[in-house]
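Chain naming here is simple, since letters A, B, ... match the order of the sequence lines and numbering starts at 1 in each. Values in this document were obtained by computation on a predicted structure and should not be read as measured data.
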Amino acid sequence: MKLTLRVWRQKNADAEGAMSTYEVDGISKDMSFLEMLDTLNEELILKGEDPVAFDHDCREGICGACSLVINGDAHGPERTTTCQLHMRSFEDGDTIDIEPWRAAAFPVVKDLVVDRSAFDRIIQAGGYITAPTGAAPEAHSTPVPKADADYSFEHAECIGCGACVAACPNGAAMLFTSAKINHLNVLPQGAPERETRVLDMVAQMDEEGFGGCTLTGECATACPKGIPLFSITGMNKEWLRANRKVSR
Amino acid sequence: MTRTLWDSTVGKKTVMAVSGIVMLLYLVAHMIGNLKIFFGPDEINHYARWLRTMGEPVLRYEWGLWILRVVLVTAVIAHGVCAYQLSRRDIKARPSKYVHSKPRASYATRTMRWGGVILALFVVWHILDLTTGTVHSGGYQHLHPYQNIIDTFSTWYGDVIYIVAVLAMGLHVQHGFWSAAQTLGAGSRTRDRVLKTVGNVLAALLTAGFISVPVGVMTGLVS
């Protein structure tokens, strides 16, 4: 396959960025999108040019490191992570636009790499449980109803890639935050911090400068892990409940 | 708690959801009142007088109406202020656009902000036209809504402004009702179809009900 790539190039956080055009040839349909970018970078290095910086790690779709907006879609046209997107989703001769996640809370570090540490700070605000460490406790000592376990797991699938923020027209982190809250709040292990978790994490999310939710649903459409839009509804419910409880 | 509610994006959305539902309930009542025009002048003129005496003898003359007006103005201001502040925040949170962008959200969803502005401007015109009579096209008569409504809808601009506003209202309700349910935590996977249907039906009924009045005047059904 022969492709024309239009890639966002930006030297550093303070520099002005712009789209640069590159031609790549000899791309196999079986390559992943990141392997295609590796091919481009090898050519750029041989030519003595600066390779395109992009985030990647496991390349198995489970770590949440890769983050590209491809032709206006976070993680590209398939419902998966960029590393699991294959070139068979494109046609020979296509022009592909590649941009970084766009959000005030995710400043560009270089080219396609953005700083997502705002997510870490949201997790630090309450995305954990206080449990004594040591040997794993007997699993049956804390019964969890099947429906709750399923609900928790559905949200636990979030890999924190930030596609929801990238897709949201308001640059909101509602889907990420709600997934992390619902994952723990429904479980008995998460019960002691049920109220403080949702209040603190939502407050931190606002503090980071993410936008608000207008329920466009673009986050859930972009999510490679299929976190549902109702996750946000669940967070709103928990937040209202926590406000009632705490003020008592 | 009040501080958390007002300082938070989720809290401001809650204020918008509650004030939106208050206005929505009012719209339903308002539409039912409007439809009385099809039963003749006595019916709707009598209804207009009842609006002033409702709640009597607990309330004095026009007190009920004024309480309603205060509640509505509070709802409009709360809804508008939250929408403005949240919109400012949203625009700041996404400072640079994508070069390759595609609008995916529904038309109703994308027009919430400007649709809301159109509705606010319409409400001002609507009150000056049919409540105070300041910009009324005919000789405005207090407590004679039948003739006043016919006067307004006998002008082309009265019809155009009204119909455009009602369509904007229908779109606003179509996205707003369902969104309010999500904001208040009432949505779920199993309840989604019911909520979407109720929102769509409400939007359609309100639109049809309100538009039937200018259409009635234009077609001569009401004269």
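Within the 4.5 angstrom heavy-atom criterion, no atom of Lys12(B) approaches chain A. With a threshold of 4.5 angstrom between heavy atoms, Ala167(A) approaches chain B through N, CA, C or O but not through any side-chain atom. With a 4.5 Å cut-off on non-hydrogen atoms, Met174(A) touches chain B through its side chain but not through its backbone. With a 4.5 Å cut-off on non-hydrogen atoms, Ala103(A) touches chain B through its backbone and its side chain both. Contacts between Arg113(B) and chain A at a heavy-atom distance below 4.5 Å involve the side chain alone, from C-beta outward. Contact annotation for Thr9(B): both backbone and side-chain heavy atoms come within less than 4.5 Å of a heavy atom of chain A. At a 4.5 Å heavy-atom cutoff, the contact between Thr14(B) and chain A is made by side-chain atoms alone. Contact annotation for Lys13(B): only side-chain heavy atoms (C-beta onward) come within less than 4.5 Å of a heavy atom of chain A. Contacts between Ala186(B) and chain A at a heavy-atom distance below 4.5 Å involve the backbone alone (N, CA, C, O). Contact of Leu229(A) with chain B is made through the side chain alone, with heavy-atom distances under 4.5 Å.
The one candidate from Ile70(A), Asp97(A), Asp73(A) that meets the side-chain contact (heavy atoms from CB on, under 4.5 Å) condition with His100(B) is Asp97(A).
Side chain of Asn236(A) to backbone of Gly185(B): no donor-acceptor contact under 3.5 angstrom is found. Judged by distance alone, the side chain of Arg94(B) and the main-chain N or O of Gly211(A) form no donor-acceptor pair under 3.5 Å.
Interface summary for chain B: among Val202(A), Leu199(A), Val69(A), the most heavy-atom pairs under 4.5 angstrom belong to Val69(A). Comparing Ile232(A), Asn71(A), Thr214(A) by how many heavy-atom pairs each has under 4.5 Å with chain B, the most go to Asn71(A). Your options are Arg241(A), Glu208(A), Glu99(A), and the one with the most heavy-atom pairs under 4.5 Å with chain B is Glu99(A). Heavy-atom pairs under 4.5 Å with chain B were tallied for Arg102(A), Lys237(A), Met19(A); the largest tally goes to Arg102(A). Ranking Ala166(A), Ala203(A), Gly217(A) against chain B, the residue ahead of the rest is Ala166(A), based on heavy-atom pairs under 4.5 Å. Chain A forms the most heavy-atom pairs under 4.5 Å with one residue out of Gly11(B), Ser101(B), Ser106(B), and that residue is Gly11(B). In terms of heavy-atom pairs under 4.5 Å with chain B, the best-connected choice from Ala105(A), Pro100(A), Ala104(A) is Ala104(A).
Taken from CZ in Arg89(B) to CZ in Phe210(A), the straight-line distance is 10.0 Å, to the nearest 0.5 Å. For the atom pair NE2 of His175(B) and CG of Leu215(A), the computed distance is 5.5 Å after rounding to the nearest 0.5 Å.
Other residues, nucleotides and ligands contribute more than 12 heavy atoms inside 6.0 Å of the CH2 atom of Trp125(B). Within 6.0 Å of CZ in Arg60(B) there are 12 or fewer heavy atoms belonging to other residues, nucleotides or ligands. Environment of CZ in Phe38(B): crowded, with over 12 heavy atoms of neighbouring residues, nucleotides or ligands closer than 6.0 Å. A 6.0 Å sphere centred on CD of Glu207(A) holds no more than 12 heavy atoms belonging to other residues, nucleotides or ligands. No more than 12 heavy atoms of other residues, nucleotides or ligands shown are found within 6.0 angstrom of NZ on Lys146(A). With a 6.0 Å radius and a threshold of 12 heavy atoms from other residues, nucleotides or ligands, Arg88(B) has its CZ atom at or below the threshold.
Between Ala93(B) and Asn170(A), the closest heavy-atom pair is CB-O, 3.2 Å. What you find for Arg6(A) and Val99(B) is that their closest heavy atoms are NH2-CG1, 4.0 Å.
Contact of the Leu5(B) side chain with the Trp239(A) side chain is registered, since non-hydrogen atoms from C-beta on lie closer than 4.5 Å.
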